[in-house]
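Below is one structure; the comments refer to it alone.
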There are 2 protein chains.
Amino acid sequence: MLTRTPRGSSNKNHLLARGVMLWRCIADDYEQTILVGKYENGAKLPPESEIAARYGVNRHTVRRAMAELGARGLVRTERGSGSYVKTDKLDYRIGQRTRFSEIVAAAGHEAEGRLQGHRHEPASEEVAGHLGLKIGADVVRLEILRAADRVPISVATTWLSAARYADAAKVFRRLRSITRTLDHYGISGYARKWTRISAGFTDAVDAGRLRLSVHRPILVVESLDVAGDGEPILTTRGRFAADRVALIVES
Amino acid sequence: MLTRTPRGSSNKNHLLARGVMLWRCIADDYEQTILVGKYENGAKLPPESEIAARYGVNRHTVRRAMAELGARGLVRTERGSGSYVKTDKLDYRIGQRTRFSEIVAAAGHEAEGRLQGHRHEPASEEVAGHLGLKIGADVVRLEILRAADRVPISVATTWLSAARYADAAKVFRRLRSITRTLDHYGISGYARKWTRISAGFTDAVDAGRLRLSVHRPILVVESLDVAGDGEPILTTRGRFAADRVALIVES
DNA sequence: ATCACTTGTCTATTGAACTAGACAACTTGG
DNA sequence: CCAAGTTGTCTAGTTCAATAGACAAGTGAT
C-alpha cells in the first residue's frame with residue numbers, strides 16, 4: 001500500500017511546501033476543505049486510516065494534523081467514534097454587563113484569560129480621549145488572549161490609567177480576570193458604556209496568537225467600560241476570531 | 001550569547017509558526033524585509049554570523065535560509081565577500097520573434113525549460129478558437145516551467161493540435177525547447193501573432209512551482225504563434241513571476 | 001604580503017518528524 | 001452481548017532539522 005520511497009511519493013507532492021512539515025500541510029489542506037463549506041457543522045470526517053491512505057501517509061501524521069485542527073477549534077475528536085466538524089460559533093452577547101468568563105461559562109465552556117504582554121506607554125490621542133486623560137499621560141497597556149475550552153477566541157489590547165492601576169499587569173497575571181482585577185482595586189461594579197464593531201483580517205502576529213491562518217476574518221471590537229459613577233476605567237481594542245464567535249447585540 | 005533552552009528562546013518566538021521549519025521562517029522574514037524595500041538592489045546583507053546572532057540561531061540555519069532566498073532569486077551569495085540583494089528584473093522583450101532561450105541567453109543567463117506535466121484533452125472554446133479547430137477537438141496540453149540560472153521565471157500552459165503534434169510532450173522532454181520541438185516537426189520559422197497581457201496573483205500550485213509565496217503578483221501572458229503561412233501552431237497561457245521579470249513591448 | 005573578515009565544507013550530536021506495527025479502550029449497530 | 005470499526009497509546013527505527021565547533025578557501029583593504 002505504501003510506497004518505499006518516502007521522498008518522491010505520489011499524492012504527497014501537491015501539498016509539500018519546502019520547509020513546512022507534512023502534518024501542517026495536511027491540516028491546512030483540511031482547514032480549506034472545511035472552511036470552503038464541503039462539510040456541514042457536525043459532519044463526520046473520514047476515519048484516520050482512510051485519510052492516511054488518501055494522502056499516502058502514516059496514521060500518526062494524520063493524527064498530528066487532526067490535533068492541530070482540534071487546537072484551531074475546527075474539529076472535535078471522539079474516541080472510538082470519529083472526528084466531527086465544529087463550525088458553530090460562540091454567541092458573545094454584548095450589553096452593559098459584558099464579562100468574558102460569564103459568557104463562556106453560560107455557554108458551558110471553560111474560560112481562560114492569559115496575559116501575553118504588558119507595558120507602560122504614553123496615551124495616544126484616542127486612548128486619552130476615551131479615558132478622559134491628557135494626551136501622553138502614563139497608561140498601562142495589557143495584551144490579553146482569551147480562550148474557551150483551550151480554543152483561542154480573541155486577543156485584546158486594554159488600556160488603563162497608570163495613575164490608578166499601575167500594577168494592573170501583575171494583579172491580572174495572578175487573578176486571570178479583568179473583573180477580579182478591578183475588584184482588587186475596589187471597583188465592584190463596572191459597565192459597558194459603548195462598543196464599536198468593525199472587521200478586518202488577521203495579521204501575522206494575531207494569526208499566531210489565535211491559531212488562525214493569515215487573512216482570516218476578525219471582528220474588531222473597541223469599547224469603553226466605566227465605573228458606577230460614570231468615571232472611565234478602561235478602554236479595549238479586541239480582535240475576535242470571526243470563525244469562532246458571533247457577536248450578539250440586543251436592541 | 002546563545003541561551004541554553006532551544007525551546008523557549010527569546011527572539012525566535014515571534015517567527016515560530018507551528019509546523020514550519022526555522023530556516024523557512026527566517027527566509028520568509030527576510031523576503032518581506034527585502035520586498036518591502038528596506039534593501040536596495042545590490043545592497044549587502046549582514047554577514048551570516050550576525051544574522052544568526054540577531055535571530056538567536058545557529059549559522060547553519062541562516063545558511064539554509066539564504067540558500068532558499070538564493071533559490072527564490074532574491075539574493076546572490078559570493079564566497080568570502082557576502083550576500084547581496086538581487087531585485088533587478090529580467091527584461092523579456094515581446095515581439096514577433098519571441099524565444100525564451102534566446103532572450104535569456106542574450107541577457108547572459110542560462111536558460112532551462114522543464115516539462116512539468118502533459119495530457120491530451122478536448123479543446124476548450126477558447127483554445128479551439130485560437131488554433132482554428134472545432135470545440136472538443138483533441139489537443140496536446142503541456143505544462144512547462146522555465147528558469148534562468150536555475151531561478152524559475154514562468155510556468156506556461158501550451159496547447160497544440162493533437163492531429164499534427166501528438167507526441168509533442170515526448171519530443172519536448174528530449175529537446176527541452178519549443179523552438180527545437182517545432183523544428184523536429186518541420187516548422188523552422190514561427191512567429192508571434194498576438195500577445196495579451198494581464199495580471200493576477202499566484203495560487204498555491206504556481207507559487208510552489210515558481211518558488212514564490214502565495215499572493216505574489218504574476219503577469220499573465222496569453223499568446224498565439226503561427227507558421228510562416230499564417231497557420232496557427234500553438235497557443236500559450238504563461239504566468240510570469242512579476243518580481244523577476246519585466247515585459248518589454250516595442251512600439 | 002599580510003591580516004581581518006566572510007563564505008564553504010566537514011564531522012558529530014541531539015531532538016523531532018515520520019514511518020511501522022501492535023494492542024488497548026471505546027462506540028455503534030445488530 | 002458481540003463484533004466490527006474507530007480512536008488512543010506504546011515501542012522502535014529512520015530520516016532530517018538544528019546545534020556546535022573547527023578549519024579551508026576566498027575577498028578586500030592596508
Side-chain angles (χ1 to χ4, degrees), chain A residues 1-13 15-28 30 42-71 75-86, chain B residues 1-13 15-28 30 42-71 75-86:
Chain A
M1 182 79 79
L2 294 174
T3 50
R4 198 126 295 277
T5 56
R7 223 76 220 74
S9 242
S10 47
N11 35 2
K12 264 183 245 184
N13 294 357
L15 299 161
L16 259 188
R18 288 148 309 134
V20 183
M21 327 245 93
L22 239 184
W23 62 265
R24 175 58 128 91
C25 297
I26 293 173
D28 289 349
Y30 250 89
K44 187 180 180 182
L45 295 181
E48 295 168 351
S49 52
E50 191 180 319
I51 298 177
R54 290 172 59 85
Y55 283 108
V57 133
N58 193 279
R59 184 165 76 96
H60 293 292
T61 308
V62 173
R63 287 181 60 69
R64 193 98 151 77
M66 293 316 244
E68 171 70 16
L69 293 176
V75 157
R76 159 182 48 88
T77 297
E78 288 180 5
R79 176 174 197 167
S81 174
S83 292
Y84 302 86
V85 171
K86 197 175 65 173
Chain B
M1 182 79 77
L2 293 175
T3 51
R4 196 126 296 276
T5 58
R7 221 80 210 78
S9 242
S10 47
N11 37 0
K12 263 183 246 187
N13 293 356
L15 298 161
L16 259 188
R18 287 148 308 131
V20 182
M21 331 234 108
L22 239 184
W23 61 264
R24 174 60 128 92
C25 297
I26 294 173
D28 289 349
Y30 249 89
K44 186 179 180 181
L45 295 182
E48 295 167 352
S49 53
E50 191 179 319
I51 298 177
R54 291 173 58 85
Y55 282 107
V57 133
N58 192 280
R59 185 166 76 96
H60 292 291
T61 308
V62 173
R63 287 181 60 70
R64 194 97 153 77
M66 294 316 248
E68 172 69 17
L69 292 176
V75 156
R76 161 184 47 89
T77 297
E78 288 181 4
R79 178 176 196 165
S81 175
S83 291
Y84 301 86
V85 172
K86 199 175 65 173

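Throughout, protein chains are lettered first and strands after them, A, B, ... in sequence-line order, and every chain is numbered starting at 1.
Comparing S81(B) and P46(A) along DNA chain D, the residue whose closest nucleotide (by nearest heavy atom) sits nearer the 5' end is P46(A). Nearest-nucleotide positions on DNA chain C place E78(B) closer to the 5' end than the other of E78(B) and R79(A).
At whole-Å resolution of the value, CD in E48(A) and P in dG21(C) are 17 Å apart. Rounded to whole Å, atom C1' of dA18(D) lies 16 Å from atom OH of Y55(B). Summarising the geometry, the separation between CG on N58(B) and P on dT13(C) is reported as 16 Å, rounded to the nearest angstrom. The CD1 atom of I26(A) sits 8 Å away from the P atom of dT19(C) (whole-angstrom rounding). Note: CD1 (I51(B)) to P (dT7(C)) measures 8 Å, nearest angstrom. In this structure, R24(B) atom CZ and dC16(D) atom C1' are separated by 17 Å, rounded to whole Å. M66(A) places its CE atom 14 Å from the C1' atom of dG8(D), with the value rounded to the nearest Å. For the pair K44(B) NZ and dC5(C) P, the computed distance is 12 Å after rounding to whole Å.
Side-chain atoms of L22(B) lie closest to dA18(D) of the nucleotides dT7(C), dT7(D), dA18(D).
For the atom pair CD of E78(A) and NZ of K44(A), the computed distance is 10.0 Å after rounding to the nearest 0.5 Å. The NE2 atom of H60(A) lies 10.0 Å from the CD atom of E48(A); values are rounded to the nearest 0.5 Å. Distance CG/L69(B) to OG1/T77(B): 8.5 Å, rounded to 0.5 Å. The distance from the CD atom of E68(A) to the CZ atom of R24(A) is 6.0 Å, given to the nearest 0.5 Å.
Residue contacts shown for R63(A) include a base, since a base heavy atom lies under 4.0 Å away. Note on S49(B): nothing from the nucleic acid sits closer than 4.0 angstrom, heavy atoms only.
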Please walk me through it: do V57(B) and W23(B) pass side-chain contact (heavy atoms from CB on, under 4.5 Å)?
-> CA-CA 9 Å; V57(B) 133; W23(B) 61 264; over 6 Å; no
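The side chain of T61(B) contributes an N or O atom lying less than 4.0 Å from OP1 or OP2 of dT19(D). Note on W23(B): every side-chain N or O is 4.0 Å or more away from OP1 and OP2 of dA17(D).
For H60(A) against dG21(C), a side-chain N or O and a base N or O form a donor-acceptor pair under 3.5 Å. At a cut-off of 3.5 angstrom, counting only N and O atoms as typed in the model, there is no donor on one side facing an acceptor on the other between the side-chain of R59(B) and the base of dG21(D).
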